[in-house]
*Asks:* 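The structure is given below, and queries will be raised subsequently.
In this text the structure is predicted, and so the values were computed from the model without any measurement. One is the number of the first residue; the rest follow in order along the sequence. The figures that follow rest on heavy atoms only: side chains count, while hydrogens, waters and symmetry mates do not.
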Amino acid sequence: MRWNAWTAETVTHLGHLYEAYGFSTQGFDVYLATGLTEEEPDRETTEQDMVHRSFTDAQIRAMVLAGEIVDAPSLAALTLYAMSR
């Protein structure tokens, strides 16, 4: 499977979550992609200034603890990831 600048050997569905359960019915799915290969991105014109980079689990944990990652969907997705390990 290919995402913008990455190809994954495997993609595992970790779960379906809701943005703000009880307040909104907007949901999203969380996937874990492994065996990633970085490729040249094929971005639309409005995405040309986009920056992407990878982080280790330890770096992400530090960013959560430092209050750099604070949005509920990201934290919920990280919880599913941690529980899947």
Side-chain angles (χ1 to χ4, degrees):
M1 179 171 273
R2 180 163 164 37
W3 281 289
N4 205 356
W6 300 91
T7 298
E9 288 180 15
T10 62
V11 177
T12 304
H13 185 253
L14 297 183
H16 181 82
L17 301 172
Y18 291 91
E19 183 82 22
Y21 192 73
F23 179 74
S24 169
T25 59
Q26 181 177 354
F28 60 96
D29 291 284
V30 179
Y31 294 90
L32 174 63
T34 59
L36 296 173
T37 303
E38 187 172 11
E39 300 176 357
E40 192 63 35
D42 181 23
R43 296 195 175 116
E44 296 176 10
T45 304
T46 58
E47 301 172 326
Q48 294 303 312
D49 61 346
M50 184 184 297
V51 175
H52 74 272
R53 58 183 214 191
S54 45
F55 298 93
T56 65
D57 287 357
Q59 289 171 312
I60 292 170
R61 180 171 160 52
M63 290 176 4
V64 169
L65 293 174
E68 295 174 33
I69 299 175
V70 296
D71 65 286
S74 293
L75 295 173
L78 287 168
T79 300
L80 282 181
Y81 168 70
M83 293 175 67
S84 74
R85 308 219 19 100

*Asks:* Strictly distance-based, threshold 3.5 Å: is any side-chain N or O of Glu19 a donor or acceptor partner for the main-chain N or O of Ser24?
*Replies:*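 Not at all, since once roles are kept as given, no pair shorter than 3.5 Å links the two residues.
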*Asks:* In this structure, are over 12 heavy atoms from other groups packed under 6.0 Å from Glu44 atom CD?
*Replies:*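 Open: at most 12 neighbouring heavy atoms sit under 6.0 Å from CD of Glu44.
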*Asks:* What's the spacing between Met63 CE and Ser74 OG if we round to 0.5 Å?
*Replies:*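 Between Met63 CE and Ser74 OG, I get 9.0 Å after rounding to 0.5 Å.
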*Asks:* Do Val30 and Tyr81 come within less than 4.5 Å of each other through their side chains, counting heavy atoms only?
*Replies:*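 A side-chain contact under 4.5 Å is absent here.
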*Asks:* Locate the shortest heavy-atom distance separating Gly67 from Val70; write the atom from each residue and the value.
*Replies:*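 Of all heavy-atom pairs spanning Gly67 and Val70, the closest is O-CG1, 3.1 Å.
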*Asks:* Should Val64 and Arg61 count as side-chain neighbours, where that means a heavy-atom distance under 4.5 Å?
*Replies:*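 The answer is no; the side chains never approach within 4.5 Å.
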*Asks:* Between Phe28 and Leu17, is any pair of side-chain heavy atoms under 4.5 Å apart?
*Replies:*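 They are in side-chain contact.
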*Asks:* For a quick test of reading the model, state the closest non-hydrogen atom pair linking Arg43 to Met50 and the distance between them.
*Replies:*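 So the two residues come closest at NH1-O, 3.3 Å.
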*Asks:* Answer with yes or no whether the side chains of Glu9 and Thr34 bring together a donor and an acceptor at under 3.5 Å.
*Replies:*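 Result is no, nothing qualifies.
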*Asks:* CG/Leu80 to CG/Leu75 distance, rounded to the nearest 0.5 angstrom?
*Replies:*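 So the CG of Leu80 and the CG of Leu75 are separated by 11.5 Å.
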*Asks:* Relative to each other, are the rings of Tyr18 and His16 parallel, tilted or perpendicular (30° and 60° limits)?
*Replies:*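 Perpendicular: the ring planes of Tyr18 and His16 meet at over 60°.
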*Asks:* How many angstroms lie between CD1 in Ile69 and CZ in Phe55, if you round to the nearest 0.5 Å?
*Replies:*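 It comes to 7.5 Å.
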*Asks:* Would you say that Asp57 contacts Arg85 through its side chain, given a criterion of any heavy-atom pair below 4.5 Å between the two side chains?
*Replies:*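 They are in side-chain contact.
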